[in-house]
Chemist: 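Here it is: the structure, laid out below.
Naming: A, B, ... by sequence-line order, numbering from 1 per chain. The basis for the numbers below is simple: all heavy atoms, side chains too, and nothing from hydrogens, waters or symmetry mates. Fair warning: this is a prediction, and the values are worked out from it, not measured in the lab.
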There are 2 protein chains.
Amino acid sequence: MKASRFFISTLKEAPADAEIISHQLMVRAGMIRRIAGGIYNYMPIGLRSIRKVEAIIREEMNRTGAIELLMPAVQPAELWHESGRLEQYGPELLRVKDRYDRNFVVGPTHEEVVTDLARREIKSYRQLPINFYQVQTKFRDEIRPRFGVIRGREFIMKDAYSFDRDHAGLQLSYQKMYDAYMRIFTHLRLEFRVVAADNGSIGGTQSHEFHVIAATGEDVIAYCPSSDYAANIEAAEAVSLIESRAAPSEPLTKKSTPGKVKCEEVADYLGITLERIIKSIVLAVDNEGADPTIWLLLLQGNHELNKTKTKKIPGLADYRFATEKEIFNWFGVPPGYLGPLNTRKPVKVVADRTVANMSDFVIGSNEMNCHITGVNWGRDLPLPKVADLRNVRKGDPSPDGYGELNLCRGIEVGHVFQLGTKYSKSMGAIFLDENGKPTPMTMGSYGIGITRILSAAIEQNFDERGIIWPEAIAPFHLVLCPIDYKRNDAVRKQANQLYNELLDSGIEVILDNRGERPGVMFVDWELIGIPHRLVIGERSLRDKKIEYQGRRDAEPTLLPLKQAAPWVVERVCSALVH
Amino acid sequence: MKASRFFISTLKEAPADAEIISHQLMVRAGMIRRIAGGIYNYMPIGLRSIRKVEAIIREEMNRTGAIELLMPAVQPAELWHESGRLEQYGPELLRVKDRYDRNFVVGPTHEEVVTDLARREIKSYRQLPINFYQVQTKFRDEIRPRFGVIRGREFIMKDAYSFDRDHAGLQLSYQKMYDAYMRIFTHLRLEFRVVAADNGSIGGTQSHEFHVIAATGEDVIAYCPSSDYAANIEAAEAVSLIESRAAPSEPLTKKSTPGKVKCEEVADYLGITLERIIKSIVLAVDNEGADPTIWLLLLQGNHELNKTKTKKIPGLADYRFATEKEIFNWFGVPPGYLGPLNTRKPVKVVADRTVANMSDFVIGSNEMNCHITGVNWGRDLPLPKVADLRNVRKGDPSPDGYGELNLCRGIEVGHVFQLGTKYSKSMGAIFLDENGKPTPMTMGSYGIGITRILSAAIEQNFDERGIIWPEAIAPFHLVLCPIDYKRNDAVRKQANQLYNELLDSGIEVILDNRGERPGVMFVDWELIGIPHRLVIGERSLRDKKIEYQGRRDAEPTLLPLKQAAPWVVERVCSALVH
């Protein structure tokens with residue numbers, strides 16, 4: 001490609017809304033242009049990288065035997081009603097009415113459409129297993145689109161859906177996708193981690209996320225450096241920090257704690273550590289036509305409630321935080337002095353695993369300006385219902401027993417789910433098994449955020465001058481920068497000859513024939529992140545040498561002019577081999 | 001590809017809503033599956049053909065120097081307000097509100113988005129000309145989606161937008177696209193015709209449509225077999241059928257025509273030809289706060305009004321047909337006896353070109369049950385305002401003077417427009433010219449309906465057994481049908497060997513390893529329309545011969561087994577060369 005026939009539009013400044021480096025660099029390099037919040041034009045240079053990511057994904061999907069099709073963006077809402085998600089999905093689902101006032105959605109995902117397809121097309125066990133995938137543009141009306149294409153509203157995704165006869169079949173299909181994802185992200189040269197994940201609104205039984213490690217990631221990942229364990233903090237299991245409960249050693253004592261409402265304040269005032277204090281969190285679950293059920297969740301003073309785990313406790317799927325008025329009604333005091341002992345009205349108590357093993361602890365007294373110390377399970381309070389309620393913290397024991405957890409941040413670029421029969425049952429995707437028995441298909445769903453991968457790759461590959469593309473997804477492998485191209489005939493001739501030689505070798509070269517000064521050319525291509533550069537000028541012709549510089553190299557290398565093309569082709573190709 | 005790793009889903013019956021053969025065959029062959037009116041899943045076998053059409057289009061677009069990018073499907077309505085089309089575009093424009101109640105549209109076309117992009121990115125004449133294109137999914141909320149993907153609501157389109165310094169530049173950009181379209185449709189092996197077109201709502205100054213000739217086409221095309229002339233009937237110029245007006249020879253005579261209100265009835269009753277009668281059509285244009293302006297359009301009795309031409313008459317852009325009440329008020333009689341002579345209130349008269357050259361003609365008298373014969377311009381009526389008001393008919397003189405017009409039907413698959421400065425002026429897409437003068441860019445827009453091309457190709461290539469794909473866009477070039485594949489080891493081995501040999505030659509072969517009976521296989525693949533077929537069975541092995549049949553061949557050809565692969569590869573490749 002010659003730059004004069006391409007569109008290059010670099011910017012010195014990043015837009016004010018670009019908070020993270022990949023967003024800044026994608027805009028500055030001219031890869032994307034914002035048209036509305038979370039909606040972008042993919043500019044020519046950005047589209048080239050997108051197509052490369054797509055091709056790598058297609059290759060691996062095809063290798064697994066998954067079959068590509070293309071489902072529509074605009075979907076009948078009635079399918080979403082059948083699955084139950086029309087009601088569950090919040091305002092992220094873009095709802096539309098057509099000219100006849102019929103309801104549609106702009107698809108954020110395609111479980112409903114593909115299940116509808118399967119129930120029409122698949123009748124017999126002989127047609128299973130099957131895995132359909134597509135590369136398609138989706139829309140999620142994010143509450144706060146940000147970080148460029150990381151949390152965009154319109155984005156390109158590869159989504160695949162497997163259909164199996166039973167759970168054992170699903171395990172195989174799931175593993176195939178898992179393995180393909182490992183190959184894809186490895187091929188993309190991303191530093192990534194597979195983590196156990198919560199299933200969220202898609203539902204089902206098992207799921208893993210593929211996270212690109214990045215300080216700017218929106219997700220927190222807990223992992224164990226001494227083992228394979230890794231999980232999204234939403235899902236990471238928190239074990240008890242106290243192995244077993246010690247016998248009571250202190251008497252139950254009411255202490256005045258005037259105005260001390262936060263755990264930290266109480267600990268300070270009483271001169272004890274935060275680990276001795278129990279934090280009381282009051283939740284409410286509404287009951288139609290009756291009082292809400294009030295729950296009291298107990299955490300160690302320095303722990304945080306995990307909302308995902310909380311929702312999984314039977315009865316708490318639709319919890320909300322109690323109002324101040326409800327708290328006063330059930331406990332007789334405002335927040336700050338609450339505890340499980342002597343509540344005004346009955347509440348359901350759940351203790352975190354660590355809390356359940358505490359002894360001689362401190363709780364609110366349900367009286368103003370007082371806490372109770374020396375509280376013990378069994379002696380002063382009935383043994384509570386116990387659950388994993390908290391977020392893990394750095395240094396916690398890994399739940400697999402092989403060391404301590406560490407935390408890092410990641411950008412989710414892939415997600416594999418075992419959906420089971422959630423959709424096939426609700427939507428009636430039934431096949432006849434070997435014995436002629438109608439059976440719901442067992443499904444999996446598998447997504448990769450294609451546009452997001454570009455951002456994630458940049459978060460891992462940049463320096464103060466710009467992007468540093470891995471060869472596999474660079475818009476071009478090599479830039480050829482001739483100095484004084486427009487005026488120096490010899491340089492122009494030599495540059496075009498070398499350009500043709502490189503093109504014939506099958507590598508993707510862009511010839512910068514814009515006639516810009518070397519400084520301008522270098523700044524542009526370093527910002528854009530082309531991994532290899534050749535510079536040719538008057539001096540190269542005189543000395544028969546040409547200057548090569550890899551994007552990560554500190555210094556250029558002088559190459560004999562004649563050997564430059566084969567040398568650089570070899571270098572590009574060896575970087576592309578995977 | 002082996003059929004066992006692909007998805008084949010043929011149907012014996014077409015759905016009830018499939019009115020035309022391409023729709024029936026696309027569904028029966030398993031290329032598309034309806035999900036809602038005008039919204040389809042593109043199934044694996046259909047997607048393969050779509051991708052081939054896309055690749056052919058990309059190749060030719062890139063050859064012209066057009067640059068690919070990708071714009072969003074969901075577009076801010078405010079851009080459409082700027083161009084004025086938010087208000088002009090009817091309910092075909094799918095309007096959406098996001099979670100913050102901001103207005104968006106699901107893009108039916110991208111003039112607004114690309115003009116917004118150009119006004120931000122293009123500042124100088126040095127950046128022009130430039131042509132951006134994309135392959136993208138669009139949505140038009142058709143009032144009556146039908147004919148499968150011919151008039152779908154969600155569809156894939158290639159759209160390109162050129163930006164030039166001036167009209168001379170646009171002419172060059174336009175011609176490049178025009179030539180590329182000629183190459184594309186030729187490469188696709190479509191029988192097509194380029195026709196002059198009306199610009200419709202996109203606006204601008206010149207446009208051509210590319211029509212695939214098909215009896216089921218929704219458009220009527222007028223063309224001259226003796227010259228290059230061709231135009232959509234909406235735009236085809238109708239010349240006067242009477243060279244010059246003869247002198248009056250009859251006296252003005254009122255004749256009783258009791259109950260004769262149609263031109264045919266009057267002609268019959270008076271014993272004259274329909275060509276002697278003038279049809280009166282009454283239009284109204286509303287005036288705010290005042291009476292409407294009433295227009296009387298005059299056509300020869302056997303001619304049809306052309307609504308597109310009518311709208312172009314100054315003052316008639318927003319015309320409607322007059323109500324019966326208005327007709328009575330202005331003419332004093334109900335429709336059937338109307339004419340330009342002695343109207344009750346003044347009306348604006350426009351005569352078609354042919355009408356203007358008539359003499360001794362018949363008109364309504366504006367009295368019940370009476371017509372007037374022997375009417376002449378100049379003598380009985382003032383010379384009228386003259387315009388081209390009618391649809392051309394078969395046998396009309398071609399407007400280029402080279403013979404007679406013929407009519408045929410076509411499916412519009414491509415459209416090129418000279419937009420001029422319509423969008424750049426309304427949206428402020430301004431560049432600085434060589435003299436530093438702010439100048440609006442001169443634009444063109446160029447579309448190809450990608451999904452529609454499949455239908456159009458089928459309309460031209462089918463027989464009673466199914467589709468007959470042109471090699472260039474066939475889902476596979478060749479199907480290899482082994483007989484008794486699952487039980488006959490020798491056949492299976494030979495089939496796989498031949499399959500690998502064919503794959504290595506680079507042609508796209510599908511091996512039907514489903515183990516179906518020959519009849520089932522043949523019916524499926526003839527329906528799907530794979531252009532070449534090889535059948536291998538026990539007998540082939542015994543005789544060392546293999547049966548080849550081209551999809552259009554009446555009889556199979558026996559080939560020596562050893563030469564089968566090179567022979568068929570040669571045949572496929574020669575069909576692919578363009």
Chemist: Would you say that more than 12 heavy atoms from the other residues, nucleotides or ligands in this model lie under 6.0 Å from the CD of E87(B), or not?
Modeler: yes
Chemist: Tell me, for E68(A) versus chain B, whether the close heavy atoms (under 4.5 Å) come from the side chain, the backbone, both or neither.
Modeler: both
Chemist: Out of M71(B), R126(B), Q127(B), E121(B), return the one with the most heavy atom pairs under 4.5 angstrom to chain A.
Modeler: E121(B)
Chemist: When rounded to the nearest 0.5 angstrom, what is the spacing between OG in S83(B) and CG in D116(B)?
Modeler: 11.0 Å
Chemist: Considering only NZ, NE, NH1 and NH2 on the basic side and carboxylate oxygens on the acidic side, decide whether D512(A) and K2(A) come within less than 4.0 Å.
Modeler: no
Chemist: So which part of R95(A) gets closer than 4.5 Å to some heavy atom of chain B, the side chain, the backbone, both or neither?
Modeler: backbone
Chemist: So what's closer than 4.5 Å to chain A heavy atoms on R33(B): side chain, backbone, both or neither?
Modeler: side chain
Chemist: Under 4.5 Å from any heavy atom of chain A, what part of L93(B) do you find: side chain, backbone, both or neither?
Modeler: neither
Chemist: Between Q134(A) and D159(A), is there a side-chain donor-acceptor contact under 3.5 Å, judged purely by atom types and distance?
Modeler: yes
Chemist: Are there residues of residues 35-48 of chain B that reach to under 4.5 Å of chain A by heavy atoms, and which ones?
Modeler: I35(B), A36(B), I39(B), Y40(B), N41(B), Y42(B), M43(B), P44(B), L47(B)
Chemist: For the pair K158(B) and E54(B), find out whether any cationic side-chain nitrogen is under 4.0 Å from an anionic carboxylate oxygen.
Modeler: no
Chemist: Is there side-chain contact between V113(A) and P72(A), with at least one heavy-atom pair below 4.5 Å?
Modeler: yes
Chemist: Can you find a side-chain donor-acceptor pair between T109(A) and R140(A) that sits under 3.5 Å?
Modeler: no
Chemist: Among E92(B), R99(B), E78(B), R51(B), which residue forms the greatest number of heavy-atom pairs with chain A at distances under 4.5 Å?
Modeler: R99(B)
Chemist: For F139(B), is it the side chain, the backbone, both, or neither that has a heavy atom closer than 4.5 Å to a heavy atom of chain A?
Modeler: side chain
Chemist: Checking K97(B) against chain A: side chain, backbone, both or neither under 4.5 Å from a heavy atom?
Modeler: backbone
Chemist: Is there a donor-acceptor contact under 3.5 Å linking the side chains of Y125(B) and D164(B)?
Modeler: no
Chemist: Is E60(B) salt-bridged to K176(B), going by a charged N under 4.0 Å from an acidic O?
Modeler: no
Chemist: Between Y133(B) and N131(B), do the side chains contain an N or O donor and an N or O acceptor separated by less than 3.5 Å?
Modeler: no
Chemist: Can you tell which part of I156(A) gets under 4.5 Å to a heavy atom of chain B, answering side chain, backbone, both or neither?
Modeler: side chain
